[in-house]
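Before any comments, here is the structure.
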Protein chains: 2
Amino acid sequence: MNISQIAKMAGVSPAAVSRYLNHGYLSEEKKVSIEKVIKETGYIPSSQAQTLRTKTTKLIGVIIPKIDSDSISQVVAGIGEVLTKQGYQMLLANTENQNDRELEFLATFQQHMVDGIILLGTILTAKHKAVLKALNIPFIVLGQACDYASCIYHDDYLAALTLTEYMIEKGHRRIGYLGVTEKDYAVGQLRKQGFLDAMSRQNLEIPASSMRIGSFYMENGYENTKRLLADCSDLDAIVCATDTIALGAIKYLNQLSIKIPNDIAIAGFGDSRISSILSPSLTTIHFYYRECGSEGAKVLIDKIANPSSPNKSLKYGFELIKNETA
Amino acid sequence: MNISQIAKMAGVSPAAVSRYLNHGYLSEEKKVSIEKVIKETGYIPSSQAQTLRTKTTKLIGVIIPKIDSDSISQVVAGIGEVLTKQGYQMLLANTENQNDRELEFLATFQQHMVDGIILLGTILTAKHKAVLKALNIPFIVLGQACDYASCIYHDDYLAALTLTEYMIEKGHRRIGYLGVTEKDYAVGQLRKQGFLDAMSRQNLEIPASSMRIGSFYMENGYENTKRLLADCSDLDAIVCATDTIALGAIKYLNQLSIKIPNDIAIAGFGDSRISSILSPSLTTIHFYYRECGSEGAKVLIDKIANPSSPNKSLKYGFELIKNETA
DNA sequence: TCATTTTGTGAAATCGTTTTCACTTCTGTA
DNA sequence: TACAGAAGTGAAAACGATTTCACAAAATGA
């Protein structure tokens, strides 16, 4: 069923049908007859053919590192909400933490002529920058600061600083740290730096052996807590770069019947749904993930409507959730 | 940059370039020169134009009720893995539990000419059936049995039966139930029926006031546990239709300092990541969510390749996770 | 009444591919 | 030598929409 057939059935030209579908510069009489035929046939215009002429797809490509993650799925939910409302569709690409796949997906997005791209950034390399700019498609970065695009992110540094100061205030002195790769600027570097600065402000020592770097998975929390305690048996608290890592740590401590927070206090980042249900409940940082997603989608849509508009950089705050593990 | 420009630059016809891109019925000499030009220019063919001719988009539409859900995001991860591997892209539509939106999204998918559709079913109405069949696009249903399409689902009934029998075996007699709407056949009806049958096999009473129906959210678990205990103060266990609901129940019980499992035992369904970390850890049912997603994607791709192949109906088993809350 | 503007309309070009078809040019065989 | 078949090629016709352009009819103004 195509536009010419509809036109024939309605006794008008294809151009008239197109006009009906779009602006509608058309006599009332023809509008009625076209409407009737379209209703009867259930005709839906081919978006591919439309794209071919108009160069717009109403498609937004979204690249994420992992969909089955508490924080990321919240961002995606926020994105989806706004896109749907604005008549866009989401093309979702999940790299499963394989950073190099991001570039492949960018090529696919280009092929599908997406109107815009949202990159939920983990590691932004020079190559990313080059490819993204060459793409000539509006894009934004979420979760990381970025100087060549609009970006929406969290105050990871201040959050880590605040959280660590809170731990110190609670009386903890020998605090360990479980982090992630420094290639991830927001989570790997800023959170760690916030931790370090809070410690040094109080002139607290940080022996190298009390810090560990690992993956984003729970196993990392589990294994690195084991190693941490093997090397520094006198720790009285551990700050973990994510809630997931904190869960791994808690799992290990539970197995050893080490009491939280009396023997060792724990804190995480992300305020995952679990944190308030755990018992003891997890002290953590609430970030505005869903808002980050929905705001990001809005910014991108603005950018698509007005490509020459200047880049924006929006930093969301956070909330310290004072729960029971610290 | 289009195929004609590439052709001109390589000194061949557009047809030759197209042949290079596809089957490659072409002299070695031209292949080389075309390859060179494509590499230099970074040319990527327009998938819309391709679709216009070939009627295939390499796009799969996926409809889900909620992305920020532990179980669903796992299914989506499984789907994404296979689709990417097979060169497909995922068009994701999140209804946020608004069932009527599913039909809208189906129309959008049709407009975008997706090659196939995956419906992560909650409530399948007669209208769904009618619309899906009229669509004339291969589709499959995940999470629900369905007689007019290939479907992949879990043995919800036997899981509920087994879990409840286990609770009884553990010595619980006055067991309450927190469920969801019966319109959701798998989660609402089958799990409840499994519970009821296990109870009646042991001749255990189920007063109407010991069962509650609510939403999929944690608040439901919290609020309905409150009501349940107000009416039936002598319950010694509660079976919850999902882990999320169980978490709500646990939250309420913790607030009242009711000891789990000594005062009241709890069980859920889904084996969410949290369940093993909670303390006490949550007794639950492990379903093969990720596998369901990846297998579903495979079945759909087979169906696309061979549309006349008969429908398949695949039921995955489960695993009873005997943790500490029951 | 006549000139001018407004309004409504369809023919045809266009977007960027794929694919059919007809036409060379080879290759190998009788 | 002649001829069948294979191999390689490009012109041109799709695919299904939008949009420009030209033109007719109707409305307006003098």
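Chain A is the first sequence line, chain B the second, and so forth, proteins listed ahead of strands; every chain is numbered from 1.
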With the side chain of [X] defined as its heavy atoms from C-beta on, choose the nearest nucleotide among [options].
{"X": "B/Ser13", "options": "D/dT18, D/dG10, C/dT17", "value": "D/dG10"}
{"X": "B/Lys30", "options": "D/dT18, D/dT9, C/dT18", "value": "D/dT9"}
{"X": "B/Ser27", "options": "D/dG8, D/dA17, C/dG16", "value": "D/dG8"}
{"X": "B/Thr54", "options": "D/dT19, C/dT18, C/dT17", "value": "C/dT18"}
{"X": "B/Arg19", "options": "D/dG16, C/dT17, D/dT9", "value": "D/dT9"}
{"X": "A/Ala15", "options": "C/dT17, D/dT19, D/dT18", "value": "D/dT19"}

Rounded interatomic separation in angstrom, taking [atom1] from [X] and [atom2] from [N]:
{"X": "B/Asn22", "N": "C/dT17", "atom1": "CG", "atom2": "P", "answer": "11 Å"}
{"X": "A/Asn2", "N": "D/dA14", "atom1": "CG", "atom2": "P", "answer": "13 Å"}
{"X": "B/Gln111", "N": "D/dG16", "atom1": "CD", "atom2": "C1'", "answer": "13 Å"}
{"X": "A/Ile34", "N": "C/dG10", "atom1": "CD1", "atom2": "C1'", "answer": "12 Å"}
{"X": "A/Leu52", "N": "D/dA14", "atom1": "CG", "atom2": "P", "answer": "17 Å"}
{"X": "B/Lys31", "N": "D/dA7", "atom1": "NZ", "atom2": "C1'", "answer": "12 Å"}
{"X": "B/Ile3", "N": "D/dG10", "atom1": "CD1", "atom2": "C1'", "answer": "13 Å"}
{"X": "B/Gln110", "N": "D/dA17", "atom1": "CD", "atom2": "P", "answer": "12 Å"}

Is there a donor in the side chain of A/Asn97 and an acceptor in the side chain of A/Tyr217, or the other way round, less than 3.5 Å apart?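 Yes.
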
Report yes or no: do A/Glu102 and A/His128 form a side-chain donor-acceptor pair below 3.5 Å?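 Checked: A/Glu102/A/His128 side chains pair up, N/O donor to acceptor below 3.5 Å.
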
First of A/Pro14 and A/Glu28 reached from the 5' end of DNA chain C, by closest nucleotide: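 Its nearest nucleotide being more 5', the pick is A/Glu28.
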
Given C/dG16, is OP1 or OP2 found less than 4.0 Å from the side-chain N or O atoms of A/Lys55?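 Looking at the OP1 and OP2 atoms of C/dG16, one of them is under 4.0 Å from a side-chain N or O of A/Lys55.
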
Need one value for A/Ser46: base, sugar-phosphate or nothing, where a base atom within 4.0 Å counts as base even if backbone is also close, heavy atoms only.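 Sugar-phosphate contact only.
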
Over all strands shown, is A/Val12 touching base, sugar-phosphate only, or nothing at heavy-atom distances under 4.0 angstrom?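 Answer is sugar-phosphate: A/Val12 comes under 4.0 Å of backbone atoms only.
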
Is B/Arg53 side chain donor-acceptor paired with the C/dT17 base, going by distance under 3.5 Å alone?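 No such pair is found, so the answer is no.
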
Looking at A/Tyr153, is A/Lys315 sitting on its ring face, NZ or CZ under 6.0 Å from the six-membered ring centre and within 45 degrees of the normal?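 No; the conditions do not both hold, so A/Lys315 does not lie above the ring face of A/Tyr153.
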
Matching residue for B/Ser47 among A/Gln111, A/His112, A/Gln48 - test: side chain to side chain donor-acceptor pair (under 3.5 Å):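 Exactly one candidate clears the test, A/His112.
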
Most 5' of B/Glu29 and A/Tyr43 on DNA chain D, judged by nearest nucleotide: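 First, find each residue's nearest nucleotide; the 5'-ward one identifies B/Glu29.
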
What distance separates A/Ile72 CD1 from A/Ile64 CD1, expressed to the nearest 0.5 Å?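 A/Ile72 atom CD1 to A/Ile64 atom CD1 measures 6.0 Å (nearest 0.5 Å).
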
